[in-house]
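In what follows, chains are A, B, ... by sequence order, proteins preceding strands, each numbered from 1. Quick caveat, the model's predicted, so the values are computed rather than measured.
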Protein chains: 2
Amino acid sequence: MTNISDYDLEDFTPYLLNLASETTSLAFQRHYRTTYGMLRTEWRVLFHLGQYGPQLARDICDRARLHKTKVSRAVGALEEKRYLRRSEDTKDRRQELLELTTMGRNVFAELRQAAQKFDADLVAEFTLEERAILKQCLARIAGL
Amino acid sequence: MTNISDYDLEDFTPYLLNLASETTSLAFQRHYRTTYGMLRTEWRVLFHLGQYGPQLARDICDRARLHKTKVSRAVGALEEKRYLRRSEDTKDRRQELLELTTMGRNVFAELRQAAQKFDADLVAEFTLEERAILKQCLARIAGL
DNA sequence: CCTTGTTAGTTACAAAATCAACCATATTGT
DNA sequence: ACAATATGGTTGATTTTGTAACTAACAAGG
């Protein structure tokens, strides 16, 4: 009987993606976790608010591809830390506008810089072409 | 006030990695979850045993970069499903050699084929060069 | 109005991951 | 030999996530 397949799972892209994702996420964690006591979802929500300005929880769900329960809890946690504020002065009383407080904006500025540096270090060993292809492939795979 | 930086989260590699990883992992889940009732960690452990042959839990921890508690629980679950067997005939009575049963090897063969097809479809839209660069970059980032 | 359906967001409960403590065995230094 | 320490692995408590059901507000059709 011949070998049906000599496919090596080291080539399994989801596996590589998972390893790479875990490696980088764990490494970057210390910037928001140890310093600010934030969870990953909180950092993501903070980032979206800092990056795209005041918006609804719904918008964050869509953009960040996070489930509404995750966002709901992260918003609660960020509110407790006084990093964001809600206001529901809209006509639609179901929704509430989320925006960072001054403290939240400071944290965001700090973390954005850390992220930028972290990323630069991460891809430092790659050529410009490799970086471009990497990001392009990842974006396509992620469905962006 | 000037804009300190126009760095965008979309450019943050860990974020892209996370999105891509989640997207593919969720998509592949159905192959081991719905068909065999396995969890992600179980599939990973099975994969490592099938790929690299009989070994200690410790080896799987190192190679798969999984915490020992996760591996311990996954091994227990796989044993219950009769996909693996333990034997502690070693000189060191603390450790036990893990190996797949015939059934476990069949499941592995089946899943490996599914993985191969899944992966082929995933990267189908990329050129050979792009695929090579993608894998190379991911491996480097993952520290392989 | 008043049913029916939809949307924004929260909450309750189950599943899973994380963390710390633990047991048994092995190894090292004195 | 015998503390002290390290290793392989398990277990239990705590956290975090995921799933589903829920409330409240709005929107349309009759």
Do the ring planes of A:Y36 and A:Y83 sit parallel (below 30°), tilted (30 to 60°) or perpendicular (above 60°)? perpendicular
Applying the salt bridge (Lys or Arg N to Asp or Glu O under 4.0 Å) test to A:D119, which of A:R131, A:R112, A:K135 qualifies? A:K135
Specify the residue among A:L97 and B:R33 whose closest nucleotide of DNA chain C lies further upstream toward the 5′ end. A:L97
Base, sugar-phosphate alone, or nothing: which one does B:R86 contact when heavy atoms must sit under 4.0 Å apart? sugar-phosphate
Is the base of D:dA25 touched by the side chain of A:R94 through a donor-acceptor pair closer than 3.5 angstrom? yes
Given the structure, check if the side chain of B:R73 and the base of C:dT18 hold any donor-acceptor pair shorter than 3.5 Å. yes
Is any side-chain N or O of A:K68 closer than 4.0 Å to OP1 or OP2 of C:dT10? no
Rounded to whole Å, how long is the line connecting atom CZ of B:R58 with atom P of C:dA26? 17 Å
Please determine if B:E79 and B:R86 form a salt bridge, counting it only when a charged side-chain N lies under 4.0 Å from a carboxylate O. yes
Any ion pair linking A:D62 and A:R58 (charged N to carboxylate O, less than 4.0 Å)? yes
Want to settle it: does B:L98 or A:R40 sit nearer the 5' end of DNA chain D, counting the closest nucleotide to each? B:L98
Which of these nucleotides, C:dG9, C:dC19, C:dT10, is closest to any side-chain atom of A:S72? C:dT10
With respect to the side chain of A:R93, which nucleotide from D:dC26, D:dG9, D:dT19 is positioned closest? D:dC26
